Number of protein chains: 2
Amino acid sequence: MTAEMPINRILRGECVEVMKDLPDGSVDCVFADPPYNLQLRGELRRPDETVVDGVNDAWDKFADYKTYDDFTRQWLSEARRVLHKDGTLWVIGSYHNIFRIGAILQDLGYWILNDIVWRKSNPMPNFRGRRFTNAHETLIWAARSPQSKYRFNYQVMKALNDDLQMRSDWYLPLCTGNERLRNDHGVKLHPTQKPESLLHRALLAATTVDDVVLDPFCGTGTTPAVAKRLGRRYLAIERHPDYVKAAEQRLEETQRLPADQLEVTPAKREMPRIPFGSFVESGTLPPGTVLHDRQRRLKATVAPDGTLVSGKHRGSIHKLGALLTQAASCNGWTFWYFERDQKWIPLDTLRQESYALRQTA
Amino acid sequence: MTAEMPINRILRGECVEVMKDLPDGSVDCVFADPPYNLQLRGELRRPDETVVDGVNDAWDKFADYKTYDDFTRQWLSEARRVLHKDGTLWVIGSYHNIFRIGAILQDLGYWILNDIVWRKSNPMPNFRGRRFTNAHETLIWAARSPQSKYRFNYQVMKALNDDLQMRSDWYLPLCTGNERLRNDHGVKLHPTQKPESLLHRALLAATTVDDVVLDPFCGTGTTPAVAKRLGRRYLAIERHPDYVKAAEQRLEETQRLPADQLEVTPAKREMPRIPFGSFVESGTLPPGTVLHDRQRRLKATVAPDGTLVSGKHRGSIHKLGALLTQAASCNGWTFWYFERDQKWIPLDTLRQESYALRQTA
DNA sequence: CATCCGTGTGAATCTCTAT
DNA sequence: TATAGAGATTCACACGGAT
């Protein structure tokens, strides 16, 4: 290593090698989006027969778990050396790689502060119906050591979340539309570009103005771009010259926010959808519960999966209501009634009560 | 190991030892809520709950991770031996232990299918304001091997979620109120009792009626209680006699749902196959019947052997559909339409009607 | 100008059975 | 064990052109 510390630059090269040239303790925060080692096998098609454009790049291929672990141990070790003693590290991954990364960083002496779940508002569905929709990715936020006096901007996060403590589950959309970098033919430049909103929240939580942020897997430069906009200094490492070029251009077009705007971010609150099945799971309406319509002419029974059964018909609260009344559609929430304290109450009451509970929780 | 297989019982003892007495491949699903190895500052605990001295010493920390890893490897290995080749395993944990568990189960040959995030509707706040509110726990769902033909009740999960694919993030409340087991003084019996709703969803997704569910860390019996209620068989292991007693009492008070209330949305894959030719044989679609696609751009004629003919092409309803649309594959049942009462109806309707007839027959 | 509709797409470990 | 054939399977958005 040398004592020379480059700053606000994108360095081209292998991150382990490049980091070796950086001084000890010179970085306040690391954000890393390493290869996931996805191990995709064949071609996957949507129900409409179009082919899914999966990650098929050479940089995501590793021979086996051991090769991936060795690689992980190397870059996490160098990142730790380069980190300031009170610095923190973010890593993002999926179930393919995140467990290995988490275990290795614990072995290396990092101290996990939180695991954060990025809940995707618009994930790709599971086209074959063989698993749960893979609707999230996991970030690990860790201090360099258990003794680190790390930075956490508690009030900033609370303000960002309508004056409620920021939770460990973040609901954010994918990087799509205009934000996604594309070439002249409209083809995405990078298969896994992260949304700026994700970086915005992570950097806003764990760094302050003029802190140095290092991204060892820079890609098309989301981390340095958000860092620059938020008035942080940055250093990014990227192997592929095309990505370096794209990131440099992006950074030219990115302006540091004026000082008075550095901490203003609107937060959208989601109104969560409540599936009828959740009341079955919770025991509020156990399987076997009898429901009626308002006039009590129709009758249906609740099944363990939240469907209703009436004679030989089965369907959701909406579908069965429509079927039995021969209507095109039906709002099952207001159509079906259940009995409580000898009164018949519309299902929708349950939903209203549930919303009220969530607000105060 | 012996060939003796106890069933619907809670076995008292260390789970690794007890599992050694169970036959190979005798269990369809494992649900495990292992000790968390919580590392509070100044107090580090081994899996057996004894306190480790000198937490701040790196060597001790390594020693403790190693102890936890060895323990994890042991119980995951025995669980894998006991699992049926097509069986699946659920493990729940937090950031303190889940990364080690995930890496070890991958090393042992398990194949991760999903990681699931249990988002708590009512988590404990972070009192010191030094981190994000720890508002979730992580479950790993894994098959015994990449070759396992595991069970996933896709349609059941979809029904439970208002006819949308169930995602990998589950929003469920903690176990509180009446559901929480307490002693005569109102003190909770177990520090980490899981909500029944969580088990309801996991078992409903990955098992069917009469499957055998094993819980190696039974605690106060949430897993066997939900398994019993849902008509699954169970086997549970618990070390502490007080918990065994509480779980046994709880199971006595838990009733299996009546058979007609256990029925859920059937999987299409598991419906009996009906050959298209049977409708030709029965005269429902006599040879010469004309079929169209939905847009009525394509036309085919039924042959006596149940193949379709279009120009010089001939093949099954699937093959011909794929051929004419130049698709890799095609579901002929939903692709082709026939005319009845001056309406064009998909072939699949015939199949549905045939199923309904069998029900009433 | 607002609305509707068709099209495209996103870190994906994505089938099962009979022969 | 390899191959062939049947047949099951999608959600949230963004964008652009048409209404």
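The model shown is predicted, which means the values in this text are computed figures rather than measured ones. Quick note on labels: first sequence line is chain A, next is B, and so on, each numbered from 1.
Rounded to whole Å, the C1' atom of D/dT10 lies 13 Å from the corresponding atom of C/dG8. For the P atoms, the distance linking D/dG7 with C/dC14 amounts to 23 Å, nearest Å. Comparing C/dA11 with D/dC15, their C1' atoms are spaced 23 Å from each other, to the whole Å. Nucleotides D/dT1 and C/dC16, compared at atom C1', are 16 Å apart to the nearest Å. Comparing the same atom, C1', in C/dC1 and in D/dG17 gives a spacing of 15 Å after rounding to whole Å.
Rounded to whole angstrom, the span from the CG atom of A/Asn126 across to the C1' atom of C/dG10 amounts to 14 Å. A/Arg130 has its CZ atom 11 Å from the P atom of C/dC14, to the nearest Å. Across the protein-nucleic acid pair, B/Asn153 atom CG and D/dT9 atom P stand 12 Å apart, rounded to whole Å. Residue B/Leu164 contributes atom CG, which lies 15 Å from atom P of D/dT9 at whole-angstrom precision. In this structure, CE of B/Met166 is placed 16 Å from P of D/dT9, rounded to the nearest angstrom. We find that CZ of B/Arg167 is positioned 14 Å from P of C/dA12, with the value rounded to whole Å. Atom CZ in A/Arg131 sits about 18 Å away from atom P in C/dA11, given to the nearest Å. Protein atom CE of B/Met157 is 18 Å distant from nucleotide atom C1' of D/dT10, rounded to whole Å.
If A/Arg182 and A/Pro125 are placed on DNA chain C by their nearest nucleotide, the residue sitting closer to the 5' end is A/Arg182. Nearer to the 5' terminus of DNA chain C, by closest-nucleotide assignment, is the contact made by A/Leu174 (compared with the other of A/Phe127 and A/Leu174).
Within the nucleic acid shown, A/Gly54 comes within 4.0 Å of at least one base atom, counting heavy atoms only. Across all strands, A/Pro123 comes closer than 4.0 Å to base atoms (heavy-atom distances). A/Asn56 comes within 4.0 angstrom of no nucleic acid atom, judged by non-hydrogen atoms across all strands. Across all strands shown, A/Trp118 has no heavy atoms under 4.0 Å from either base or sugar-phosphate atoms. Within 4.0 Å (heavy atoms only), A/Gly93 reaches no atom of the nucleic acid at all. B/Trp333 comes within 4.0 angstrom of the backbone, heavy atoms only, and of no base. When heavy atoms are screened at a 4.0 angstrom cut-off, B/Gln155 is found touching the sugar-phosphate backbone but no base atom. Residue-level contact check: B/Pro275 touches neither bases nor backbone, having no heavy atom under 4.0 Å from any strand. In this structure, A/Cys175 reaches neither bases nor backbone, as no heavy-atom distance under 4.0 Å exists between it and the strands shown. In this structure, B/Gln165 reaches the sugar-phosphate backbone alone: every heavy-atom distance under 4.0 Å involves primed, P, OP1 or OP2 atoms, never a base. Residue contacts for B/Leu113: at a heavy-atom cut-off of 4.0 Å it reaches no nucleic acid atom on any strand shown.
Pair assignment for D/dA2 gives C/dT19, based on Watson-Crick or G-U wobble hydrogen-bonding distances that are each under 3.5 Å. Within the shown strands, C/dG10 is the pairing partner of D/dC11 under the Watson-Crick or G-U definition, both distances less than 3.5 Å.
At least one side-chain nitrogen or oxygen of B/Lys158 sits closer than 4.0 Å to the OP1 or OP2 atom of D/dT10. Under 4.0 angstrom from either OP1 or OP2 of D/dC15 there lies at least one side-chain N or O belonging to A/Asn178. Checking the phosphate oxygens (OP1, OP2) of C/dG10, a side-chain nitrogen or oxygen of A/Lys188 falls inside 4.0 Å. Under 4.0 angstrom from either OP1 or OP2 of D/dA8 there lies at least one side-chain N or O belonging to B/Arg351. The side chain of A/Lys120 contributes no N or O atom lying less than 4.0 Å from OP1 or OP2 of D/dA12. The side chain of B/Tyr110 contributes no N or O atom lying less than 4.0 Å from OP1 or OP2 of C/dT13. Of the side-chain N and O atoms in B/His318, none sit less than 4.0 angstrom from OP1 or OP2 of D/dA6. Look at A/Asn134 and you'll find a side-chain N or O under 4.0 angstrom from OP1 or OP2 of C/dT13. OP1 or OP2 of C/dT13 sits under 4.0 Å from a side-chain N or O of A/Tyr95. Dashed line: the shortest gap from a side-chain N or O of A/Arg41 to OP1 or OP2 of C/dT15 is not under 4.0 Å. Proximity of B/Ser316 to the phosphate of D/dA6: a side-chain N or O atom is located under 4.0 Å from OP1 or OP2. Contact check, B/Arg269 against D/dG7: no side-chain N or O comes under 4.0 Å of OP1 or OP2.
Checked against the 6.0 Å centroid criterion, the rings of B/Phe276 and B/Trp336 do not qualify as a close aromatic pair. Two rings, from B/Trp118 and B/Trp170, have their centers 6.0 Å or more apart.
Within the 4.5 Å cutoff, the side chain of B/Arg119 has no heavy atoms near those of the A/Val117 side chain.
Taking only side-chain atoms of A/Arg180, from C-beta outward, the nucleotide of C/dA11, D/dA12, D/dA6 with the closest atom is C/dA11. Taking only side-chain atoms of A/Thr176, from C-beta outward, the nucleotide of D/dG5, C/dA12, D/dA14 with the closest atom is D/dA14. In this structure, the nucleotide among C/dA12, C/dA11, D/dG7 sitting nearest to the side chain of A/Leu44 is C/dA12.
Taking 3.5 Å as the limit, the base of C/dG10 and the side chain of A/Arg46 contain a donor-acceptor pair of atoms between them. For D/dA8, its base sits under 3.5 Å from the side chain of A/Arg128 at one donor and acceptor pair at least. For A/Lys194 against C/dA11, a side-chain N or O and a base N or O form a donor-acceptor pair under 3.5 Å. A donor and an acceptor atom sit less than 3.5 Å apart, one in the side chain of B/Ser329 and one in the base of D/dA8.
Counting only distance, with no hydrogens or angles, the side chain of A/Arg239 and the backbone of A/Cys15 share no donor-acceptor pair below 3.5 Å. In terms of modelled atom types and a separation under 3.5 Å, the side chain of B/Asn114 and the main chain of A/Phe132 share a donor-acceptor contact. A donor-acceptor contact shorter than 3.5 Å is absent between the side chain of B/Thr88 and the backbone of B/Cys29. B/Gln165 places a side-chain N or O within donor-acceptor distance of the main-chain N or O of A/Asn126, the cut-off being under 3.5 Å.
In textbook terms, a nucleotide whose glycosidic angle is within 90° of 0 is syn, while D/dT10, being further out, is anti.
Judged by a 6.0 Å distance limit and a 45° cone about the ring axis, A/Arg100 is not positioned over the six-membered ring of A/Tyr68. A cation-pi arrangement is absent between A/Arg128 and B/Tyr154, since the terminal nitrogen or guanidinium carbon is not both under 6.0 Å from the aromatic centre and inside a 45° cone about the axis.
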Original post:
A/Asp48 and A/Arg46: salt bridge (Lys or Arg N to Asp or Glu O under 4.0 Å), yes or no, with the steps?
Top reply: CA-CA 5 Å; A/Asp48 67 3; A/Arg46 298 185 170 83; 5.4 Å; no

